[in-house]
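Only one structure is covered here, and it is reproduced in the block below.
Computed from heavy atoms alone, side chains included, the values below leave out hydrogens, waters and symmetry copies. Below, chains carry the letters A, B, ... as their sequence lines are ordered, and counting in each starts from 1. This structure is a prediction, so every number in the text was calculated from the model and none was measured.
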Amino acid sequence: MSESSEDDDDSEESDSSEEEKEKISEEKHTEEQQQQQVLKEETKPKEADMKEEKKAETWTKEDCKPAVFIPVERLPEIQEARLRLPVLAEEQIIMEAVKDHECVVLCGETGSGKTTQVPQFLYEAGFASSGGIIGVTEPRRVAAISMSHRVATEMNLSSGVVSYQIRYEGNVTENTKIKVMTDGVLLKEIQRDFLLQKYSVIIIDEAHERSVYTDILIGLLSRIVPLRNKKGLPMKLIIMSATLRVEDFTENKRLFSSPPPVIKVEARQFAVTVHFNKRTPMDDYTGETFRKICKIHRMLPPGGILVFLTGQAEVHSVCRRLRKAFPYKPNREHTDMMETEEDLKKSKRAKKKNVSLPRINLDNYSALPVDEGDEDRQAGIDEDDGEGSDLELELGDHPDTDHEEKADPSIPLYVLPLYSLLAPEQQAKVFRPPPAGSRLCVVATNVAETSLTIPGIKYVVDCGRVKKRFYDRVTGVSSFKVTWISQASANQRAGRAGRTEPGHCYRLYSSAVFGDFSLFSEAEITRRPVEDLVLQMKDLNIEKVVNFPFPTPPSSEALIAAEELLISLGALEKPARHGRLSEMEKARLSCPISPLGRAMAAFPVAPRYAKMLALGRQQGCMQYIITIVSAMTVREIFEDYDRPAGSEEENVKMSGKKARSVQMRRLWAGQGASLLLGDLMVLLGAVGACEFAGLTPQFCEENGLRFKAMLEIRRLRGQLTNAVNAVCADADVYVDNKMAPPTEAQVLCLRQIVLAGLGDHIARRVQAEELLDPKWRNAYKTPLLDDPVFIHPSSALHKTLPEFVVYQEIMETTKMYMRGVCAVQDDWIPKLLPQYCHFSAPEESPAPRFCPLIGRVKCHQQSTFFRVSWKLPAIEMDYPEGLERYKLFAKFFLEGQVCPKIQKFSSCLLSSPSTMLKTWAKLQPRTEVLLTALVSEKADNRTSLEAAWRKNEKYLLSAYCQWIPESLHEEVSKIWPPIGQADPR
DNA sequence: CTCTCCCT
């Protein structure tokens with residue numbers, strides 16, 4: 001294909017994947033035309049629609065102005081507000097660019113109005129009027145829902161026309177013209193219809209956030225859009241970004257061979273003055289945060305404070321210190337001063353200033369300290385006085401030396417924590433105005449950077465750090481680390497101070513340190529395992545995932561790890577084990593999807609869990625597996641009672657709740673057989689009990705469950721149940737709110753299914769001889785890690801310590817802890833995970849046997865687990881392929897075990913059937929004749945033997961006759977082929 | 001014995 005000419009090296013691969021897509025698109029082409037016709041035939045009674053028809057015809061003309069105008073009847077006040085948005089001035093430029101290009105990149109910071117207005121421009125230009133609709137993707141569910149509501153309101157249209165779709169719900173109708181959805185939803189739609197024929201334009205919003213689905217969508221759309229246009233089904237792509245970092249899209253030749261135009265839109269934001277610290281506290285940044293907030297509150301004019309910290313624990317500890325320092329219940333006496341002196345250090349000077357606080361003109365302020373960049377060098381010499389007229393706002397960053405022992409209720413501060421796992425009703429408090437006379441102070445994690453916008457914020461305090469999850473690419477172990485944020489992130493945080501009026505951002509680090517921050521955060525896709533993405537792409541018939549036009553590709557280790565896991569799970573066909581080395585190398589990263597993989601790709605969960613679902617039908621286990629997978633997929637189903645409490649009484653309350661929660665988990669885990677399902681039994685029990693009780697907030701509260709998590713599990717169970725029924729018509733599974741606990745047999749089955757899905761997450765208790773080193777006490781060994789891993793103390797199996805376990809994940813904190821642990825049996829491992837086992841030669845005893853039920857030769861084989869060489873018990877399995885199997889099959893055939901009809905001749909054989917196995921067998925021609933005959937038809941089992949007979953009824957007759965006296969030949973011929981039951985005689 | 005944040 002001509003587009004791929006620039007990368008000569010892999011033009012071959014590109015061609016084939018292009019062809020794949022061509023193929024897909026051609027298949028869909030006729031369907032699409034039919035759909036178009038259907039759409040056109042639909043009755044269009046509305047006046048607006050008549051205009052649409054007319055305009056649509058003129059659309060193709062080469063006018064420089066949009067030829068189409070679909071009227072929208074906006075309310076006057078809305079129209080007025082709209083006209084103030086900077087993006088409105090750019091409508092013409094934007095629409096002309098869209099007209100002239102397949103893809104347009106639009107950059108505009110928050111406040112430009114691009115998200116709400118661009119869909120309206122497109123609507124007015126007729127993009128939803130000729131059969132196609134306008135699709136908009138958002139990285140978050142809340143954003144998708146609120147965006148659709150807002151655009152509907154602005155356009156004075158119903159939610160049936162401007163609609164949304166998220167994972168579990170939506171209000172899309174057949175009249176929908178603008179559809180706002182989460183990015184994952186659109187990706188799933190591509191699985192159903194590669195050409196996205198419903199849409200005439202797709203807007204990818206918040207592309208700068210670089211969420212994995214956004215990145216994949218852009219990669220896919222870079223191919224889909226030209227394909228659509230080539231087929232005469234016009235389609236446009238608009239990528240919207242809040243930052244100017246768009247080179248990954250525009251300069252990426254694999255994505256767009258000619259760079260799409262970039263249009264910049266001004267943002268109307270209020271000025272935010274940024275204040276850097278002179279010194280950067282490296283350890284006690286929470287203390288510095290606390291002191292900075294105290295100063296702002298004492299010295300600066302009214303206005304909400306938003307504080308960025310890194311985690312729940314920090315948030316609560318700072319909240320607690322602030323509440324002590326500025327109690328917002330004025331009457332309450334605070335005599336229990338448990339805080340350290342440092343916590344309550346206050347500046348006398350600051351206090352004096354507070355008394356005579358001037359109204360400062362905040363708009364009129366320098367953006368940066370004059371000596372920007374020199375702070376660190378001057379640190380130690382510089383003191384925070386002597387800053388002249390800027391003093392009032394330049395709060396300084398040295399801990400004050402003066403002590404203040406008493407809490408100050410005269411200036412109440414309304415302190416609220418905010419983080420993602422916080423209960424929604426607690427979260428909602430930040431959106432309400434603070435009590436009269438008090439100042440709002442929200443102490444938040446990164447949720448407040450993008451997901452939630454808090455009104456009335458004038459001051460931002462930014463600790464400059466973020467907590468991120470890290471994955472070890474080799475071992476898969478994850479850990480959380482606090483790192484510096486990027487400059488883009490720091491600016492985003494600062495911007496939160498200027499939403500309603502000019503504001504100030506206090507950065508608890510120097511501008512030199514800021515200068516060392518990376519410009520932008522890394523794309524998420526480079527920071528996490530990609531097996532789920534690879535499976536989805538394989539399902540789209542993109543076999544050579546390395547050639548996919550990622551805006552930023554994942555590391556090749558990550559891609560290889562993903563491919564290997566998917567092969568182990570059976571989702572991809574095994575690569576060739578023979579042939580030239582270069583071909584094997586090539587095959588390694590381009591394995592096609594298997595039928596199992598197709599089924600797995602239909603389940604919207606991680607591949608390991610999808611495998612469990614694919615196996616879940618046995619012994620009525622499906623509803624349990626669906627529940628377990630749902631609970632494992634939804635994070636943090638238990639309430640956390642270990643965080644620092646706000647007060648002593650709260651502490652007591654929390655420890656009571658914790659005790660109750662621990663007790664309930666023990667109850668749900670059960671005893672005996674069910675306990676061995678471990679933490680997964682706890683999940684199953686918790687969900688079962690909660691649903692049985694009707695999923696009320698009260699039940700969750702009383703039993704230490706997160707209500708929001710339980711709701712999500714309920715919805716996920718519903719979705720997975722539908723998916724299972726869709727993939728497998730006779731699965732016949734439904735969501736049972738009164739689900740009975742699994743029987744003992746079912747628990748055994750569940751553990752095996754879990755083992756099959758988590759085969760690469762297996763661990764074994766260390767052996768006695770290794771216990772000499774105390775660091776291995778109670779430890780487990782895994783195939784990939786040299787260091788010991790442990791069962792997490794919160795696990796149901798923490799004290800049981802089974803010999804073999806599988807785990808959901810390993811999280812490294814003080815030690816490496818396995819979470820989501822389930823006990824497994826050693827004899828299941830070779831049976832269920834043969835791909836990870838090295839099998840030794842068949843055992844002599846018990847001797848190989850013929851299994852009449854399945855018609856194959858079986859034997860016992862020992863094995864060891866890969867990399868760690870754990871000795872596993874011998875289990876019976878298919879005799880390994882090879883000549884020996886033919887010989888054994890021949891022996892069992894002669895004995896009459898394979899075909900009971902010839903059993904009666906076994907006593908008259910001219911040689912013993914065991915002659916087949918002797919080293920000197922060749923001395924007897926009849927052994928060679930029989931063996932050659934079997935090999936020629938690959939008949940080393942009953943099924944292929946019968947197949948050979950269907951081709952040729954006389955097959956094997958003469959070879960067999962050599963084993964029996966001539967007198968019987970005629971009788972034998974009569975019953976040949978000896979298929980079916982023996983004569984009852 | 002402790003966990004940033006999101007999406008199918």
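- Distance, D640(A) CG to dT4(B) C1': 14 Å, rounded to whole Å.
- Residue V185(A) is in sugar-phosphate contact alone, with no base atom involved, counting any heavy-atom pair closer than 4.0 Å across all strands shown.
- One can place CG of L613(A) at 17 Å from P of dT8(B), the figure rounded to the nearest angstrom.
- Here T182(A) reaches the OP1 or OP2 of dT8(B): one of its side-chain N or O atoms lies under 4.0 Å away.
- With ring centers used as reference points, Y780(A) lies 6.0 Å or more from Y807(A).
- Side-chain atoms of S420(A) and R635(A) form a donor-acceptor pair, as typed in the model, at a separation below 3.5 Å.
- Per the geometry, CD belonging to E209(A) stands 10 Å off P belonging to dC6(B), to the nearest Å.
- Among the atoms of the strands shown, base atoms are found under 4.0 Å from some heavy atom of K658(A).
- In the model, Y164(A) has no side-chain atom that pairs as donor or acceptor with a side-chain atom of E138(A) under 3.5 Å.
- The CD-P distance, from E138(A) to dC7(B), rounds to 11 Å in whole Å.
- Across all strands, E449(A) comes closer than 4.0 Å to no nucleic acid atom at all (heavy-atom distances).
- Note on T445(A): only backbone sugar-phosphate atoms sit closer than 4.0 angstrom, heavy atoms only; bases stay farther off.
- Residue R635(A) places its side chain closer to dC6(B) than to any other of dT8(B), dC7(B), dC6(B).
- Per the geometry, CD belonging to E189(A) stands 11 Å off C1' belonging to dT8(B), to the nearest Å.
- Residue T814(A) is classed as a sugar-phosphate contact, given heavy-atom separations below 4.0 Å to backbone atoms only.
- F603(A) comes within 4.0 angstrom of nothing in the nucleic acid, heavy atoms only.
- Nearest nucleotide to the R167(A) side chain, out of dT4(B), dT8(B), dC5(B): dT8(B).
- Each of P604(A) and H792(A) was matched to the nucleotide of DNA chain B holding its nearest heavy atom; the match closer to the 5' end belongs to H792(A).
- A close approach under 4.0 Å does not occur between any side-chain nitrogen or oxygen of S420(A) and OP1 or OP2 of dT4(B).
- Separating the CZ atom of R465(A) from the P atom of dC5(B) is a distance of 18 Å, rounded to the nearest angstrom.
- Using a cut-off of 4.0 Å between Lys/Arg side-chain N and Asp/Glu carboxylate O, K611(A) and E531(A) are scored as not salt-bridged.
- At the phosphate of dC5(B), neither OP1 nor OP2 sits under 4.0 Å from any side-chain N or O atom of R140(A).
- Look at CD on Q427(A): it is 9 Å from P on dC5(B), rounded to the nearest Å.
- Aromatic ring orientation, F517(A) versus Y509(A): tilted (interplanar angle from 30° to 60°).
- To the nearest angstrom, C1' of dT8(B) lies 10 Å from CG of L533(A).
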